[in-house]
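Since the structure comes first, as structure tokens, the remarks are kept for the end.
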Amino acid sequence: MLEHSRLHDGGLSGVQCSSRLDTISVVQHWLMKSEPDVYGFATLWNAPQRIGGWEGVRNYQARNYMMQMRVGDGVLFYHSACKVPGVAGIASVVREAYPDTVQFDPDSAYFDPKSPPSQPRWMQVDIQAVQPLRLVTLEMLRADPLLTGLLTLRRGNRLSVTPVLAAHYQRILELGEQAVSG
DNA sequence: GCCAACGTTGGC
DNA sequence: GCCAACGTTGGC
């Protein structure tokens, strides 16, 4: 089992590093958006081994976040551009960043002629569905004072991959499970 | 390196 | 379908 030394780029740069930090594994959390009409949580849930490749990201910031992902990181699977947007389930990272498989394919909608196979521009990760949630709607997210600061709630935020604080991740999980039992 | 034009995202 | 917000492109 690999262990990783890594820091979020979200303001931890001032943290003192002990010499043992490189043996500490820190689970990170992320939110990833997908249009359910194209690829929803159910699609991932029904895929072989419940694993799917997150290809097609064509935004550098989102790509850079994916490159920070490590096996075991938690993922909130968010449904966007649909009737009721919200977090539909959780997944986890099962394969770390590798060259996006469709960027070289001229027949793919995600083809990027400016990305030579010798120097791939776009990366993807693989994620595995862990658990469906009762939809935690955008409205619920906005209404919860504990979720203040969640990047997805920021006005005008279109990033399809964003880091999520552990506390926010836990809270959203709670909301999704609470809805099921309640 | 500026910035206008254009394309895309995504809530509403 | 509208439109605000934001990223990218390309002329200069």
Side-chain angles (χ1 to χ4, degrees), chain A residues 8-11 13 28-47 52-69 73-91 93 97-127 129 132-165 167-169 171-176 178-179:
Chain A
H8 245 227
D9 64 345
S13 53
Q28 305 172 106
H29 304 86
W30 311 92
L31 182 146
M32 299 174 98
K33 295 180 187 173
S34 187
E35 301 185 19
D37 295 339
V38 179
Y39 193 100
F41 187 76
T43 316
L44 182 66
W45 186 259
N46 293 320
W54 209 263
E55 72 236 8
V57 170
R58 296 293 178 267
N59 171 285
Y60 288 105
Q61 217 179 330
R63 180 204 66 180
N64 293 344
Y65 280 136
M66 285 203 297
M67 290 171 72
Q68 294 177 35
M69 291 184 181
D73 283 359
V75 174
L76 300 170
F77 195 116
Y78 180 91
H79 285 175
S80 66
C82 56
K83 196 153 193 177
V84 187
V87 177
I90 61 172
V93 175
Y98 61 101
D100 180 289
T101 53
V102 294
Q103 63 190 318
F104 312 122
D105 176 5
D107 294 328
S108 168
Y110 297 118
F111 176 59
D112 184 353
K114 293 178 185 169
S115 181
S118 58
Q119 223 173 349
R121 173 177 301 203
W122 305 114
M123 307 289 277
Q124 69 175 91
V125 297
D126 289 353
I127 65 173
L133 297 177
R134 181 95 152 256
L135 191 69
V136 183
T137 66
L138 180 59
E139 192 182 7
M140 291 165 70
L141 297 175
R142 288 200 192 284
D144 193 332
L146 294 180
L147 295 176
T148 303
L150 188 69
L151 286 177
T152 277
L153 302 182
R154 288 234 186 119
R155 186 175 150 85
N157 194 319
R158 302 179 305 161
L159 253 195
S160 63
V161 179
T162 48
V164 174
L165 293 176
H168 287 168
Y169 184 88
R171 177 60 180 159
I172 292 168
L173 209 63
E174 220 175 274
L175 290 172
Q178 198 174 72

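In what follows, every chain begins at residue 1, and chains take the letters A, B, ... in the order their sequences are listed. Predicted model, so just to flag it, every value in this text is computed and none were measured. Hydrogens, waters and symmetry mates play no part in the numbers below; they use all other heavy atoms, side chains included.
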I need the [atom1]-[atom2] distance between [X] and [N], as an integer number of Å.
X: A:R142; N: B:dC12; atom1: CZ; atom2: C1'; answer: 10 Å
X: A:R121; N: C:dT8; atom1: CZ; atom2: P; answer: 10 Å
X: A:L141; N: B:dG11; atom1: CG; atom2: P; answer: 11 Å
X: A:R158; N: B:dC12; atom1: CZ; atom2: C1'; answer: 16 Å
X: A:E139; N: B:dC12; atom1: CD; atom2: P; answer: 9 Å
X: A:N59; N: C:dT8; atom1: CG; atom2: C1'; answer: 10 Å
X: A:L31; N: B:dG10; atom1: CG; atom2: P; answer: 10 Å
X: A:N157; N: B:dT8; atom1: CG; atom2: P; answer: 19 Å

To the nearest 0.5 Å, what is the distance between NE2 on A:H168 and CG on A:L150?
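So the NE2 of A:H168 and the CG of A:L150 are separated by 6.0 Å.
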Identify the pairs formed between an N or O of the protein and an N or O of nucleotides 2-6 of chain B at a distance under 3.5 Å, and give each distance.
none

Kindly point out which of B:dG11, C:dT8, B:dT8 is positioned nearest to the side chain of A:Y60?
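It is C:dT8.
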State which of C:dG10, B:dG10, C:dG7 makes the closest approach to the side chain of A:Q61.
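Of all the options, the side chain of A:Q61 is nearest to C:dG7.
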For A:R58 and A:D112, what are the C-alpha separation, side-chain angles and deciding distance, and is it a salt bridge (charged side-chain N to carboxylate O under 4.0 Å, His left out)?
CA-CA 9 Å; A:R58 296 293 178 267; A:D112 184 353; 5.2 Å; no
Is the closest side-chain heavy-atom distance between A:K33 and A:T152 below 4.5 Å?
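Yes. Closest side-chain heavy atoms under 4.5 Å.
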When you measure from the side chain of A:Q28 to the backbone of A:Q68, do you find a donor-acceptor pair of N or O atoms at a distance under 3.5 Å?
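At least one qualifying donor-acceptor pair exists.
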Flag, side chain of A:H79 to backbone of A:F41, donor-acceptor distance under 3.5 Å:
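Side chain of A:H79 to backbone of A:F41, a donor-acceptor pair under 3.5 Å: yes, one is there.
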Just N and O in the side chain of [X]: are any of them under 4.0 Å from OP1 or OP2 of [N]?
X: A:Y78; N: B:dG11; answer: yes
X: A:K114; N: C:dT9; answer: yes
X: A:K33; N: B:dT9; answer: no

Let me test you: for the helix from B:dG1-C:dC12 to B:dC12-C:dG1, what is the angle between the axes at its two ends (five pairs each), rounded to 10 degrees?
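About 10° separates the two local helix axes.
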Under 30°, 30 to 60°, or over 60°: which ring-plane class applies to A:W54 and A:F77, parallel, tilted or perpendicular?
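Perpendicular, since the angle between the ring planes exceeds 60°.
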Whether over 12 other heavy atoms sit under 6.0 Å from A:R121 CZ
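For A:R121, atom CZ is crowded (more than 12 foreign heavy atoms under 6.0 Å).
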Under a 4.0 Å N-O cut-off, is there an ion pair linking A:R63 with A:D100?
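Salt bridge: no.
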With heavy atoms under 4.0 Å as the rule, sort A:K83 into base, sugar-phosphate or nothing.
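Counting heavy atoms under 4.0 Å across all strands, no contact is made by A:K83.
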The single option from A:Y98, A:Y60, A:F104, A:Y110 passing ring pair (Phe, Tyr, Trp, His ring centres under 6.0 Å) against A:W122
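Answer after filtering A:Y98, A:Y60, A:F104, A:Y110: A:Y60.
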